[in-house]
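Counting from 1, the numbers follow the sequence of the chain as shown. Side-chain atoms are counted along with the backbone in the values below, which use heavy atoms only and exclude waters and symmetry mates.
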Amino acid sequence: MISSYADMRCVVMSYIRMDMRVVLFLTLLTGMCVADSTGNLALRATVVQSSTYSTDVAQRAVDGNMDSNYNLGSCTCTNAEKKPWWRVDLGKVYRVTRVRITGSVEYSVYINGAQIRIGNSLENNGNNNEVAANVGSIPAGVTTMFEFKPINGRYVNILLPSDSAYLILCEVEVFADKVE
């Protein structure tokens, strides 16, 4: 029984229907109900990159805009440099299992060969953390999901181990099984 308006802010109802558990989140009055780790953990999280080309800031890769057209301003870009990188801070440790990357339509080559690294260390800007997956290549403008064995970590890095390259990302999404 809901006894006050405070109790009504977020009511979670669950029921069984055809042997499948369905959870409904309802928002009553003000506020929002959010499943803690089932969605994109990187969305609007704190991000940083090794450098910034023009105005192509790191936050563009976690703004929720999946547009892969670099010229429309939804992609991030580093300067041409040795081993460019981009990092998202998830705020706490998660059991990360998947990372989805959207590459640029115009400049897809600037993600090819990258590594997805996950861990809790900021040594070498987080680029020494465990390699979760290698990005062989992402076709122009395509969103690609990288799935791997669960890795506990707070930081997710995209590192391009190149002698001189730009790193361009249009969107990066991070998913976990559960909170550690």
Side-chain angles (χ1 to χ4, degrees), residues 32 34-119 125-127 129-162 164-179:
M32 218 167 92
V34 180
D36 62 349
S37 66
T38 58
N40 174 12
L41 300 171
L43 185 63
R44 294 180 188 79
T46 301
V47 290
V48 64
Q49 60 191 19
S50 54
S51 63
T52 301
Y53 176 80
S54 187
T55 59
D56 302 331
V57 295
Q59 291 80 3
R60 289 183 178 182
V62 293
D63 61 3
N65 184 344
M66 301 292 291
D67 194 330
S68 61
N69 185 333
Y70 175 85
N71 295 317
L72 293 181
S74 177
C75 303
T76 183
C77 184
T78 65
N79 291 318
E81 61 189 343
K82 184 175 185 174
K83 297 183 180 181
W85 55 268
W86 176 95
R87 181 181 68 237
V88 60
D89 179 351
L90 301 177
K92 61 184 176 180
V93 175
Y94 288 90
R95 185 176 160 92
V96 180
T97 57
R98 300 174 313 282
V99 173
R100 186 165 40 207
I101 299 174
T102 301
S104 167
V105 168
E106 301 88 350
Y107 307 107
S108 63
V109 69
Y110 296 115
I111 184 63
N112 296 346
Q115 300 171 340
I116 300 170
R117 292 178 169 262
I118 300 169
N125 294 303
N127 293 317
N129 285 323
E130 184 176 349
V131 175
N134 289 299
V135 178
S137 65
I138 296 178
V142 172
T143 299
T144 304
M145 179 73 80
F146 297 89
E147 298 185 39
F148 40 84
K149 69 177 179 62
I151 299 175
N152 293 333
R154 175 178 174 168
Y155 304 106
V156 177
N157 282 45
I158 310 294
L159 169 68
L160 188 55
S162 174
S164 181
Y166 295 92
L167 175 62
I168 297 177
L169 303 164
C170 292
E171 196 69 20
V172 177
E173 300 167 281
V174 178
F175 303 92
D177 281 343
K178 62 181 179 180
V179 175

Counting C-beta onward and ignoring hydrogens, is there a side-chain heavy-atom pair between [X] and [Y] closer than 4.5 Å?
| X | Y | value |
| --- | --- | --- |
| Asp56 | Tyr70 | yes |
| Thr55 | Arg60 | yes |
| Leu167 | Gln49 | no |
| Val174 | Tyr94 | no |
| Thr78 | Trp86 | no |
| Ile151 | Asn129 | no |
| Arg98 | Asp177 | yes |

Taking atom [atom1] of [X] and atom [atom2] of [Y], what is their separation to the nearest 0.5 Å?
| X | Y | atom1 | atom2 | answer |
| --- | --- | --- | --- | --- |
| Leu41 | Lys92 | CG | NZ | 9.0 Å |
| Ile111 | Leu160 | CD1 | CG | 6.5 Å |
| Thr46 | Gln59 | OG1 | CD | 8.5 Å |
| Ile158 | Ile116 | CD1 | CD1 | 4.5 Å |
| Arg117 | Asn134 | CZ | CG | 8.5 Å |
| Cys75 | Asn69 | SG | CG | 7.5 Å |

Provide the closest heavy-atom pair for [X] versus [Y] in the form atom of the first, atom of the second, distance.
| X | Y | answer |
| --- | --- | --- |
| Val156 | Ile118 | CG2-CG1, 4.1 Å |
| Phe146 | Phe148 | O-CE2, 3.4 Å |
| Gly141 | Ser68 | CA-OG, 3.5 Å |
| Pro161 | Ala114 | CD-CA, 4.3 Å |
| Ile138 | Thr144 | CG2-OG1, 3.6 Å |

Side chain to side chain donor-acceptor pair (under 3.5 Å), paired with Thr102, selected from Thr143, Asp67, Asn65: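 So the option named by the test is Thr143.
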message: Can you tell me which residue among Glu173, Glu147, Glu171 is in a side chain to side chain donor-acceptor pair (under 3.5 Å) with Arg100?
response: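 Only match with Arg100 under side chain to side chain donor-acceptor pair (under 3.5 Å): Glu173.
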Just by distance, do the side chain of [X] and the backbone of [Y] share a donor-acceptor pair under 3.5 Å?
| X | Y | result |
| --- | --- | --- |
| Glu130 | Gly119 | no |
| Ser50 | Trp85 | yes |
| Asn125 | Asn127 | no |

- request: Give a yes or no on whether the ring-centroid distance for Tyr53 and Tyr166 is below 6.0 angstrom.
  value: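 Close enough - the centres of the two rings lie under 6.0 Å apart.
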